[in-house]
Amino acid sequence: MNTSIPIDFSVLTPHIPYMLEGMGITLQFTVLSVFFGFILGTILTLCKISNSKSLQIFAAFYTSIFRGTPLLVQLLLIYYAIPQLTDYQIPALFAGVLAFSLNSAAYLSETMRAGILAVDKGQWEAAKALGVPYSRMMKDIIFPQAIRNILPAIMNEFITLLKDSSLVSVIGVAEILRRADVVKGQLYIYFEPLVFAGLQYYILVMILTLLSTWLERRLRRNG
């Protein structure tokens, strides 16, 4: 009696172009989420280090909400609950980018705050002594040094978002995992589509890892 489990990746051949398109959507989704998350995270960081107590409280409350609740819950609330309240159906991809950006901002704001506070106090004092305006000091002196220090953490957040992007498959975004799910439903197999999906995520993560290493080396040379 043959008890071997048949594994045949060749059955995926007609579906490979369809599945590979998911990589582009996943990467697009991740880049947009990181971009908007970084912008919002920067604003939150400035609130946290400002002299305004109200802004500090707002930023701390925001961070506690988005770090203290599951990302999947946030995603489902935005995609399903907002239409219930506003009678407007948010497009799935937009809902995903919004949820991931808001969530990423909470984590990035803490990372950036730590990076800014880690900049030598002498830099702050020298800029103030020279009469450099606060906005210019942050943009030209403090922020570039902070980014150099926290670049590995930012790239790790990028990679985490890319892997967590599989969550948007639950609201119908046709990214890598969603397309693998469609294929396994058509072929009535699980192993091959899921392994192929995992390979796609792995390739993207390795590309981001190499990019992170290259950026770190370049910043060290320029620094």
Side-chain angles (χ1 to χ4, degrees), residues 5-38 40-41 65-84 88-108 111 152-213:
I5 301 175
I7 297 175
D8 183 12
F9 283 93
S10 65
V11 298
L12 296 180
T13 302
H15 303 276
I16 286 179
Y18 170 76
M19 297 182 73
L20 288 177
E21 288 177 6
M23 293 181 73
I25 295 175
T26 294
L27 193 57
Q28 176 191 24
F29 169 82
T30 305
V31 170
L32 287 173
S33 298
V34 170
F35 175 75
F36 290 113
F38 183 82
L40 182 54
I65 291 295
F66 282 93
R67 293 182 67 181
T69 55
L71 176 55
L72 182 57
V73 172
Q74 298 163 19
L75 175 63
L76 296 178
L77 277 172
I78 290 174
Y79 187 65
Y80 291 111
I82 290 181
Q84 176 188 338
Y88 171 73
Q89 183 61 53
I90 301 176
L93 183 61
F94 177 75
V97 170
L98 180 59
F100 275 63
S101 298
L102 293 172
N103 182 274
S104 178
Y107 289 90
L108 286 174
T111 301
I154 292 177
M155 293 305 296
N156 283 337
E157 178 66 14
F158 202 154
I159 291 171
T160 298
L161 278 180
L162 190 148
K163 292 187 292 184
D164 287 347
S165 67
S166 60
L167 291 175
V168 298
S169 64
V170 303
I171 60 172
V173 177
E175 44 71 70
I176 292 174
L177 188 60
R178 180 69 176 180
R179 289 170 185 263
D181 189 60
V182 170
V183 171
K184 68 183 178 66
Q186 293 175 349
L187 301 178
Y188 299 101
I189 56 176
Y190 290 86
F191 183 80
E192 292 89 340
L194 291 176
V195 168
F196 189 75
L199 178 63
Q200 290 176 276
Y201 283 114
Y202 178 76
I203 291 172
L204 290 177
V205 168
M206 288 301 101
I207 291 173
L208 289 179
T209 302
L210 291 174
L211 176 61
S212 174
T213 302

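Keep in mind that this is a model prediction, so the values were computed, not measured.
- Here the side chain of Ser166 pairs a donor or acceptor atom with the backbone of Lys163 at under 3.5 angstrom.
- Atom CG of Leu27 sits about 8.0 Å away from atom CD1 of Ile207, to the nearest 0.5 Å.
- The closest donor-acceptor contact from the side chain of Asn103 to the backbone of Leu71 lies at 3.5 Å or more, if one exists at all.
- Put simply, the side chain of Ile7 reaches to within 4.5 Å of the side chain of Glu192, judged on heavy atoms.
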Take Thr111 and Glu157, measure what side-chain hydrogen bond (donor to acceptor under 3.5 Å, both in side chains) needs, and give me the verdict at the end.
CA-CA 10 Å; Thr111 301; Glu157 178 66 14; over 6 Å; no
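- Of all non-hydrogen atoms in Ile78 and Ile90, the two that sit nearest each other are O-CD1, 3.4 Å.
- Residues Phe191 and Phe9 meet the side-chain proximity criterion, which asks for heavy atoms closer than 4.5 Å.
- Taking the side chain as every heavy atom from C-beta outward, Asp181 and Leu177 never approach each other to under 4.5 Å.
- In this structure, Val170 and Leu75 have side chains that are in contact, with non-hydrogen atoms separated by less than 4.5 Å.
- Two residues are said to be in side-chain contact when any heavy atoms from C-beta on lie closer than 4.5 Å; Ser33 and Ser101 meet this criterion.
- A donor-acceptor pair under 3.5 Å is absent between the side-chain atoms of Ser212 and the main chain of Leu208, judged by distance alone.
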Report the C-alpha distance between Val173 and Ile25 in whole Å, list the side-chain angles of each, state the deciding distance to 0.1 Å, and finish with yes or no for side-chain contact (heavy atoms from CB on, under 4.5 Å).
CA-CA 9 Å; Val173 177; Ile25 295 175; 4.1 Å; yes
Stepwise side-chain contact (heavy atoms from CB on, under 4.5 Å) check, Phe29 with Val97:
CA-CA 6 Å; Phe29 169 82; Val97 170; 3.6 Å; yes
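- Going from atom CG of Leu72 over to atom CG of Asp164 covers 10.5 Å, rounded to the nearest 0.5 Å.
- Judged by distance alone, the side chain of Gln200 and the main-chain N or O of Met19 form a donor-acceptor pair under 3.5 Å.
- A distance of 12.5 Å separates CD1 in Ile159 from CD1 in Ile154, rounded to the nearest 0.5 Å.
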Decide yes or no on side-chain contact (heavy atoms from CB on, under 4.5 Å) for Val31 and Phe158, but give the supporting numbers first.
CA-CA 8 Å; Val31 170; Phe158 202 154; 4.0 Å; yes
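- Here CG of Leu162 is found 5.0 Å from CG of Leu204. Values are rounded to the nearest 0.5 Å.
- Checked against the 6.0 Å centroid threshold, Phe36 and Phe100 do not count as a close aromatic pair.
- Sorted by first and then second residue, the salt bridge (Lys or Arg N to Asp or Glu O under 4.0 Å) pairs with a member in residues 14-30 read Glu21-Arg179; sequence neighbours excluded.
- Separating the CE atom in Met155 from the OG1 atom in Thr213 is a distance of 8.5 Å, to the nearest 0.5 Å.
- To the nearest 0.5 angstrom, Leu108 atom CG is 7.5 Å from Leu161 atom CG.
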Should Val168 and Tyr79 be marked as a side-chain contact (heavy atoms from CB on, under 4.5 Å) after you check the CA-CA gap, both sets of side-chain angles, and the distance that decides it?
CA-CA 10 Å; Val168 298; Tyr79 187 65; over 6 Å; no
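- Distance alone, capped at 3.5 Å, is enough to place a donor-acceptor pair between the Thr26 side chain and the Ile176 backbone.
- Side-chain contact of Tyr201 with Glu175: a donor-acceptor pair under 3.5 Å is present, judged by distance alone.
- Side chains of Ile203 and Leu199 form a contact here, defined as non-hydrogen atoms less than 4.5 Å apart.
- When side chains are defined from C-beta on, Tyr107 does not count as touching Thr160, because their heavy atoms never get closer than 4.5 Å.
- With a 4.5 Å cut-off on side-chain heavy atoms, Leu20 and Phe196 count as touching.
- Between the side chain of Thr13 and the backbone N or O of Ser10, at least one donor-acceptor pair lies under 3.5 Å.
- For OH of Tyr18, the number of neighbouring non-hydrogen atoms (other residues, nucleotides, ligands) closer than 6.0 Å is greater than 12.
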